[in-house]
Number of protein chains: 2
Amino acid sequence: MRFALLGCGVVGGGVAKIVDEKVPSLELVRILTLPGEIDDPRQTSDIGDIVNDDTVEAVVEAMGGLEPAHTFILQCLNAGKSVVTSNKAVVAAFLPEFAAAAEASGAGLFIEATSGGGVPWIASIVKARRIDALSEVYGILNGTSNYLIHSMETLGTEFDTALAEAQSLGYAERDPSADIDGIDTANKCVISATVAFGSLCRRDIPVHGIRNLTAADIAFFRSSLGRAPRLMARAIQRDGAYAACVEPVLLPVGSVEANVPANYNLATLVGDTVGTLKFYGQGAGSLPTGNAIVQDLLDCAGGERPAYATETTLQWDPALLAGDYVFRSSVEVPGAQPMGEGPDGQTYWLLHDADCEAAGAAADALLAADPAALMAALGTTA
Amino acid sequence: MRFALLGCGVVGGGVAKIVDEKVPSLELVRILTLPGEIDDPRQTSDIGDIVNDDTVEAVVEAMGGLEPAHTFILQCLNAGKSVVTSNKAVVAAFLPEFAAAAEASGAGLFIEATSGGGVPWIASIVKARRIDALSEVYGILNGTSNYLIHSMETLGTEFDTALAEAQSLGYAERDPSADIDGIDTANKCVISATVAFGSLCRRDIPVHGIRNLTAADIAFFRSSLGRAPRLMARAIQRDGAYAACVEPVLLPVGSVEANVPANYNLATLVGDTVGTLKFYGQGAGSLPTGNAIVQDLLDCAGGERPAYATETTLQWDPALLAGDYVFRSSVEVPGAQPMGEGPDGQTYWLLHDADCEAAGAAADALLAADPAALMAALGTTA
């Protein structure tokens, strides 16, 4: 199958390398590149050269960002070319539009690499749904934040030190906010929930990150609660309703999640006959993410055409994700009880039985008064 | 697709229930049953009624054991009927014969449910191999032994107490030897390695189980070594050679494997571009194993026809699985150094840099003199 590549950075480069070295049935014939960077006869800076090339059956979008990715993906789908993308932001924002365009032209839309990098996560959800209704999807879907938390846990370093090290290793961007504030995880959560529940998940789910996590927090959670924090995406459906959120969750130190090291991902689905399945692997990186894209290309070449939910059939109900929450704050947390003092004299508060939306609103209000405050759910997921 | 069921016990019953409630595209039309137990018009005690029924496209073998499963599977394959089986013993013993019969008649042979129960493990190996060469497969593939070890760890009980409880819960057979002596795991290891490496794995790999594990061992390994035992299947290939074995492995207490609870399985593959992928789920049980079989039936109905290695192209080299081993024994272990005393005064010995075959032979010799002795590898798998 002849395919084109939009963007040849870390991910696109991995795709090109894997196809070149390992997959003779795929042929990379066109590469969209910035005008000044063309040094290969396959390269072009004109998307029209790809959209109008009838020999190109599939296009890999690995540019990232919303525009021009959104426009280019639509042009390709409208021209009957299947699209494989690793771009979680554009898929979370425009999945219904893309799915409708793909269906109209008979092209395929493939999104494995958007969520979980090399982990076969989206395909596993789709496969599980051939038989089961899925009641839950959740997991660690951002390798950068897991790397930071795991570094702080194992080395006792502070957040900024861990972040600087992750940036020097290429595990974190120079602007880390998409990773550490949960935005990247939220895009993956929206995509995962939409595919898992067969109902379009709203985009404005509650999202809180790990920016304010300290080494003292980690020590307190471990010694006082026997728990370790992980930045978790969680989505649940029941009786026609659903909820989804992204937040730090305090997990039992003996849980599988709390022992996920370095920049690995661990994503879980719960089906009514298969039970709990977990999938672990590299959530980012040139070759793992490239591998996920090449797997999608092979499925595309084999004739697969995935279908996606384009409408919301479940009702939003944040009460489905409710429980106790811990706050660390120098100011009082309304409705919460003091639960202890950390090693540096900071105060931790326990808010009983709040839903993810109410807890998130409490955290947002608190952060206005104490910009260093932290919120974390007392999850029981094992 | 119309299919028949050979054996309607725990696994077969799960298949019938899942198909009946959830998969209208599959129709269970024949059930092979013992002569005295027929109470449904679909039931027959004559395999000929199934083999000679031209409307039956696939047969699920869920009888277990070597005969008559082996004969029935061959009859079905020779008649052009695809076979889906959960029977690890018969597949480990006769895979080349089955694969040749399937290829000759154009039938499919599906073995997902032999290894890892509901965990999509064999399919994940096959999928990863579309792109990558796999250098390693390993994992916890026997839920019963993991349940026993985890019970001993969390409750501090002795092996016999944990076993009796597992038997009362239906997690262990009345004769537990296939599970606790590693035989069941060895069959899954042979199948996994054969599929992963594309070369027929020998059946007589070194196998040692957990029968002699004590609560004192677990306490000593944790306090002195920071490690926890798991019964692991391991297989590795490099430079045209391979090794495989089943033995208790002492893993860092913070590893993902050491935190797998209850009767769950966790299986890992290592590919050259995708890296390390792990798959976690229920390794047994009516619905999870039934789910794996129904997934295979759906793949079969979709036209898939998996190919299997029927020849050994890699050379056996046990040195590929070598490292340090710990023994607990009241008699001296030749070539080993004493490494400490357990809480009850028992002696632990360290054997440096032995391969899995040499360590297994040392364990077998030791067990003749001290029937309560234990061997465990000091694995570094994380």
Side-chain angles (χ1 to χ4, degrees), chain A residues 14-15 17-19 21-23 25-26 117-120 123-124 127-128 130-133 150 153-154 228 252-262 264 266 268-269 271-282 285-292 294-295 297-299 302-304 382, chain B residues 14-15 17-19 21-23 25-26 117-120 123-124 127-128 130-133 150 153-154 228 252-262 264 266 268-282 285-292 294-295 297-299 302 304 382:
Chain A
V15 172
K17 181 178 159 71
I18 291 169
V19 166
E21 294 176 5
K22 292 175 163 286
V23 191
S25 65
L26 298 175
V119 183
S124 296
K127 184 174 177 179
R130 300 199 302 186
I131 298 171
D132 276 353
H150 189 247
E153 281 173 346
T154 51
V253 294
S255 66
V256 178
E257 276 73 14
N259 289 281
V260 170
Y264 280 93
L266 179 70
T268 301
L269 63 83
D272 46 8
T273 72
V274 79
T276 297
L277 294 182
K278 294 180 189 288
F279 303 87
Y280 170 106
Q282 288 284 351
S286 177
L287 292 179
T289 307
N291 183 290
V294 177
Q295 291 285 8
L297 284 170
L298 290 170
D299 286 342
E304 280 188 35
Chain B
V15 172
K17 180 178 161 68
I18 292 169
V19 166
E21 294 177 4
K22 293 176 163 284
V23 191
S25 65
L26 298 175
V119 183
S124 296
K127 184 174 177 180
R130 301 199 301 184
I131 299 173
D132 277 353
H150 190 246
E153 282 173 344
T154 51
V253 293
S255 66
V256 178
E257 277 73 13
N259 289 281
V260 170
Y264 280 93
L266 179 70
T268 301
L269 63 83
V270 182
D272 45 10
T273 71
V274 79
T276 298
L277 294 182
K278 296 181 188 286
F279 303 87
Y280 170 106
Q282 288 285 351
S286 177
L287 292 178
T289 307
N291 183 289
V294 178
Q295 290 285 9
L297 284 169
L298 290 171
D299 286 342
E304 279 188 36

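Below, read A as the first sequence line, B as the second, and so on, with proteins coming before strands; counting in each chain starts at 1. FYI, side chains are in, hydrogens and waters are out, and symmetry mates aren't considered; it's all heavy atoms of this structure.
- The choice from A:Gln295, A:Lys127, A:Lys22, A:Glu21 that makes the most heavy-atom pairs within less than 4.5 Å of chain B is A:Gln295.
- B:Ser124 meets the side-chain contact (heavy atoms from CB on, under 4.5 Å) test with B:Pro120, B:Phe279; sequence neighbours excluded.
- Most heavy-atom pairs under 4.5 Å with chain A, from the set B:Leu277, B:Asn291, B:Asp132: that is B:Asn291.
- Ranking B:Gly254, B:Gly275, B:Pro261 against chain A, the residue ahead of the rest is B:Gly254, based on heavy-atom pairs under 4.5 Å.
- The distance from the OG1 atom of B:Thr276 to the OH atom of A:Tyr264 is 4.0 Å, given to the nearest 0.5 Å.
- Looking at residues two or more places apart in sequence or on another chain, you find no salt bridge (charged side-chain N to carboxylate O under 4.0 Å, His left out) involving B:Glu304.
- Only the side chain of B:Ile18 comes within contact range of chain A, with heavy atoms under 4.5 Å apart.
- No side-chain heavy atom of A:Val256 sits under 4.5 Å from any side-chain heavy atom of B:Leu266.
- Contacts with chain A were tallied for B:Val294, B:Val23, B:Asn259, B:Val119; B:Asn259 has the most, counting heavy-atom pairs under 4.5 Å.
- By number of non-hydrogen pairs under 4.5 angstrom with chain A, the leading residue of B:Leu298, B:Leu287, B:Val274 is B:Val274.
- No side-chain heavy atom of B:Val260 sits less than 4.5 Å from a side-chain heavy atom of A:Lys278.
- When A:Val19, A:Asp272, A:Val253, A:Thr154 are compared by the number of non-hydrogen pairs under 4.5 Å with chain B, A:Asp272 comes out ahead.
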